[in-house]
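This report concerns only the one structure given below.
What's counted below: heavy atoms across the whole structure, side chains too, no hydrogens, waters or symmetry copies. Small disclaimer: the values here were computed from a predicted structure and weren't measured. Read the numbers this way: they start at 1 and go in the same order the structure lists the ligands and their atoms.
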Amino acid sequence: MNSPDPFRLAARGEMQFALEPPGEGADFARFDFRPTGPVAPGVFSLDMEHLAGPALERWTCRSAAEPLDPCDDDTTRGVRTRDLLFIELRAAPGDDIQSAAERLYRRLFDQMASLGFTYIVKAWNHIPDINRGEGDDEVYKRFCLGRARAIDSAYGDRAMPAGTGVGFSADAGLQVQALASRDAPLYIENPRQVSAFEYPRQYGPRSPSFSRAVVAGPGRDRLFVSGTAAIVGHQSRHEDCLVSQVEETLRNWQSLFSATHRATGQQAGFDRDGTYRVYLRHARDLDPCLAALAHGSVPLEKTTVLRADICRPELLFELDGVTALDPA
Ligand code: 3EB
């Protein structure tokens, strides 16, 4: 598992992201976007079709990583270092989404508390059939309600993690993956967007529980950017135009990079030491999507494209990722 050069850019369908600066790098976690063999400790996958880009994302760190002890069920697994904890939780297919969200998040907070990791840095939420239902019965809105209730009772008034909320097959169960830390991270909001946790009532009975970006990592030099889409203020823009949605999303990222610089004094950008994930509603949009990303200086060799639904029906594209911050 040892990797002599965590920052080396592996082009053969594989990419790395170092959670700590270069040193004696070891794998912290691997994300296998085209899983074949049985599940191994420290290896995670997503039930989404891989459309383009690296098929493997490796996160490296200097301190030793070890798998969590197996739980009483096989639906929660994870890995940890001295500073960071990564957990995956799964609900059974067909579970009611609101209660599944509340239950998984409560279990996440229980695990974090018992292991001494106080803060969630980032949560990736993979939600089956996310766009089904009308009004407050919509799956995504009910997911937000269950998640908010767990946060109210178990996480309290600590700041929200960076988030990703995307949808996939109705046949799958809710899947939440989360990164937590011992030390308090720094939370960043985007001046171009209303904070998600302050979205108005029209988006559901409880607003989505996430921050736009989070600065974390042992050196506070890694930027975890939430799933970001073509939303300005709180409204979706460019319905039905994929390229315009990508361009609007990249303006949101640039605005977040500027906000990060103001908050930390560190430079942020689409650097090649980062890793990026695209969630694309329609596979047929792949070519124009890649062209628009390249035009916006997103390093395609570090970008994995997955087929996924997005939390609002009119949104065709979402981009999340992790970048390294440079001292100014
Ligand atoms: C948005 O900006 C798009 O519910 O955790 C992005 C990132 C979105 C995270 C979440 C939802 C979530 O509102 C959707």
Q: Please determine if Ser226 has a nitrogen or oxygen closer than 3.5 Å to a nitrogen or oxygen of ligand 1.
A: no
**Q.** Salt-bridge criterion met for Glu138 and Arg142 (N-O under 4.0 Å)
**A.** no
**Q.** Residue Asn125 vicinity, atoms of ligand 1 by number, heavy atom under 4.0 Å
**A.** 5 (O)
(Q) Please verify the inter-ring angle class for His50 with Phe33; under 30° counts as parallel, over 60° as perpendicular, anything in between as tilted. (A) parallel
**Q.** Flag, side chain of Thr81 to backbone of Leu84, donor-acceptor distance under 3.5 Å
**A.** yes
(Q) Tell me the contacting part of Arg147 for ligand 1: side chain, backbone, both, or neither, using a 4.0 Å heavy-atom threshold, strictly below. (A) side chain
**Q.** Taking atom 7 (C) of ligand 1 as the reference point, the nearest protein heavy atom with its distance
**A.** Gly227 O, 3.3 Å
(Q) Keeping Arg277 on the side-chain end and Gly321 on the backbone end, is there a donor-acceptor pair under 3.5 Å? (A) no
Q: Mark the output for Gln193 as yes if a heavy-atom distance to ligand 1 is under 4.0 Å, and as no if none is.
A: no
Q: Check whether NZ of the Lys or CZ of the Arg Arg158 lies under 6.0 Å from the centre of the six-membered ring of Tyr155 and within 45 degrees of that ring's axis.
A: yes
Q. Atom 11 (C) of ligand 1: which protein heavy atom is closest, and how many Å away?
A. Tyr140 OH, 3.3 Å
Q) Under a heavy-atom criterion of less than 4.0 Å, does Cys311 contact ligand 1? A) yes
Q. Should the pair Arg80-Asp69 be classified as a salt bridge under the 4.0 Å nitrogen-to-oxygen rule?
A. no
Q | Atoms of ligand 1, numbered as shown, that sit under 4.0 Å from any heavy atom of Ile231 | A | 1 (C), 2 (O), 3 (C), 13 (O)
Q: Answer side chain, backbone, both or neither: which part of Thr164 comes under 4.0 Å from ligand 1, heavy atoms only.
A: backbone
Q: Any chance you could lay out the side chain to side chain donor-acceptor pair (under 3.5 Å) test for Glu248 and His238, step after step, and finish with the verdict?
A: CA-CA 8 Å; Glu248 196 70 72; His238 318 293; 2.7 Å; yes
**Q.** Proximity flag Arg312 to ligand 1, non-hydrogen atoms under 4.0 Å
**A.** no
Q.
Heavy atoms only, cut-off 4.0 Å: how does Lys122 contact ligand 1, side chain, backbone, both, or neither?
A. neither
(Q) Suppose we measure from atom 13 (O) of ligand 1 to each protein heavy atom; which comes out shortest, and what is that distance? (A) Tyr199 OH, 2.7 Å
Q: Starting from atom 12 (C) of ligand 1, locate the nearest protein heavy atom and write down its residue, its atom name and how far away it is, to 0.1 Å.
A: Phe210 CE2, 3.2 Å
Q: Is it possible for you to say whether Ile231 and Leu319 belong to one hydrophobic cluster, with membership spreading through side-chain heavy-atom contacts below 4.5 Å?
A: no
**Q.** Selected option - heavy-atom contact closest to atom 9 (C) of ligand 1, from Ala101, Gly204, Gly165
**A.** Gly165
Q) What protein heavy atom sits nearest atom 2 (O) of ligand 1, and how far off is it? A) Arg212 NH1, 2.9 Å
Q: Indicate the ring-plane relationship of Phe143 and Tyr140, choosing parallel, tilted or perpendicular according to the 30° and 60° boundaries.
A: parallel
Q | Sub-4.0 Å heavy-atom approach of Tyr203 to ligand 1 | A | no
Q. Does a side chain donor of either Arg182 or Thr118 reach within less than 3.5 Å of an acceptor in the other side chain?
A. no
